[in-house]
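Order of the sequence lines sets the chain letters (A, B, ...), proteins ahead of strands, with each chain counted from 1.
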Number of protein chains: 2
Amino acid sequence: MTAKTARTAKKGPSSQPAVVAEDILARLRASGGRVTAPRRAIVEVLLGAGQRHLNAEEIVDAVRSLLPDVAESTIYRTVAALEDLAVISHVHLDHGPATFHFGDRTHRHLVCRRCHTIVEIPADLFADLARDLDRRYGFSIAGEHFAINGECRACRSQPT
Amino acid sequence: MTAKTARTAKKGPSSQPAVVAEDILARLRASGGRVTAPRRAIVEVLLGAGQRHLNAEEIVDAVRSLLPDVAESTIYRTVAALEDLAVISHVHLDHGPATFHFGDRTHRHLVCRRCHTIVEIPADLFADLARDLDRRYGFSIAGEHFAINGECRACRSQPT
DNA sequence: TTAGCTGCAAAAGGTTTGCAAATTA
DNA sequence: TAATTTGCAAACCTTTTGCAGCTAA
């Protein structure tokens, strides 16, 4: 794969090299896929969301503001294709729809079971636990496929 | 609440005081609920499952072998009532239906993303992490509402 | 040219809800 | 008796699928 990692600053809050749509589309093509207008729009929307995690409905809405006739099934099929390429992944933050985001393996989610607030935390807080589980069970925890539930500071100081 | 904690050994693998159906039914009654035949059967099934986590469909099937005409909706409504009483809780081990189990807060689940094997681990392996998250974010992780994903020993030694 | 996408509509899977009849306390 | 549960059927929400036509490579 020869997708060049462009350095064009986009709208990300960080100063890491920006991932640009063309890179992603190129990977899609390289894997035998086609680049179509709906796919461009979907990638654009996902990039435009920055760190925010969008669910399928939000992606549909945003994509339709660019390209009104895109079907839901196209969204689901495209995000599945992008997940296969490990470009994005999905997380279950709570009950309800899954949310999609770029595949940085650098954060996890705590979700308050009372107010449903989401707290993002760096994945390396799990390093010790991960080592432990590896040693004891041979299990490698990977991914943030599911959030971790609990109670946030605000709710804890609230009466039940 | 005065539900006596009976010590009758049932079929649990552990030697903790067995929770008996009557205790649970009494709590249901104490909270203003009614004790009905379907509810008895559901509690029986849940108790009979011991440590196993049953999903709604499995509960329905098992309950119907005792009481053939119980509706699915009754199962869902009853497990919801039992969750409100904190007698049971549900976990999402993977995609697919939730699973229900008695509310011991003593274990967590690792689920292999490849073979879907479930590894149960003691919750106290999370103690350090929990302290950390509390200190840094005021967040109290609680519950095993979602499993932790990763890869099990067997799958890790397998070619991708 | 042809494998791969698309929109549409229908279906699937899991769970929830409205309601009138039945049951519990 | 009054409040709660029940079974049934229908609805719900999210996601998947089948298919014929369209399109990128």
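Note that the CZ atom of B:R29 and the CZ atom of B:R34 stand 10.5 Å from one another [nearest 0.5 Å]. Remark: A:H116 NE2 to A:C155 SG distance equals 9.0 Å, nearest 0.5 Å. Atom CG of A:D69 sits about 10.5 Å away from atom OG1 of A:T74, to the nearest 0.5 Å.
Between A:D61 and A:E58, the closest side-chain pair of non-hydrogen atoms is not below 4.5 Å.
We find that CG of B:L54 is positioned 16 Å from C1' of C:dG14, with the value rounded to whole Å. Atoms CD1 (B:I75) and P (D:dG7) sit 8 Å apart, rounded to a whole Å. Summarising the geometry, the separation between CD on B:E58 and P on C:dT15 is reported as 11 Å, rounded to the nearest angstrom. Between the CD1 atom of B:I42 and the P atom of D:dT5 there is a distance of 12 Å, given to the nearest Å. Following rounding to the nearest Å, A:R39 (CZ) and C:dC5 (P) show an atom-to-atom distance of 4 Å. Between the CG atom of A:D94 and the P atom of D:dC13 there is a distance of 17 Å, rounded to whole Å. Between B:E72 atom CD and D:dA10 atom P there is a gap of 14 Å when expressed in whole angstrom units. D:dT14 atom C1' lies 10 Å from atom CG of A:N55, rounded to whole Å.
Residue contacts shown for B:D69 are limited to sugar-phosphate atoms, with no base heavy atom under 4.0 Å away.
End-to-end axis angle of the helix from C:dT1-D:dA25 to C:dA25-D:dT1, from C1' rotation axes over five pairs per end: 30° (rounded to 10 degrees).
In summary, the aromatic rings of B:H95 and A:H145 are positioned with their centroids under 6.0 Å apart. Here the two rings, on A:H90 and A:H101, have centers that are 6.0 Å apart or farther.
By the rule that hydrophobic residues join a cluster once side-chain heavy atoms approach within less than 4.5 Å of another member, A:I148 and B:L110 end up as members of one cluster. Residue A:V79 is not grouped with residue A:L93 when hydrophobic side chains (ILVMFWY) are merged at heavy-atom distances under 4.5 angstrom, including chains of intermediate members.
Heavy-atom nearest nucleotides on DNA chain C were determined for B:P97 and for A:V70, and the one closer to the 5' end corresponds to A:V70.
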Distances for protein N/O vs nucleotides 19-24 of chain D N/O pairs under 3.5 angstrom?
unit_1: D:dA24; atom_1: N3; unit_2: A:R34; atom_2: NH1; d: 3.0

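Under 4.0 angstrom from either OP1 or OP2 of C:dT6 there lies at least one side-chain N or O belonging to A:T78. Proximity of A:Y76 to the phosphate of D:dT15: a side-chain N or O atom is located under 4.0 Å from OP1 or OP2. For the pair A:T74 and C:dG7, the criterion of a side-chain N or O lying under 4.0 Å from OP1 or OP2 is met.
Between B:D128 and B:R131, at least one side-chain N (NZ, or NE/NH1/NH2) sits under 4.0 Å from a carboxylate O, which counts as a salt bridge.
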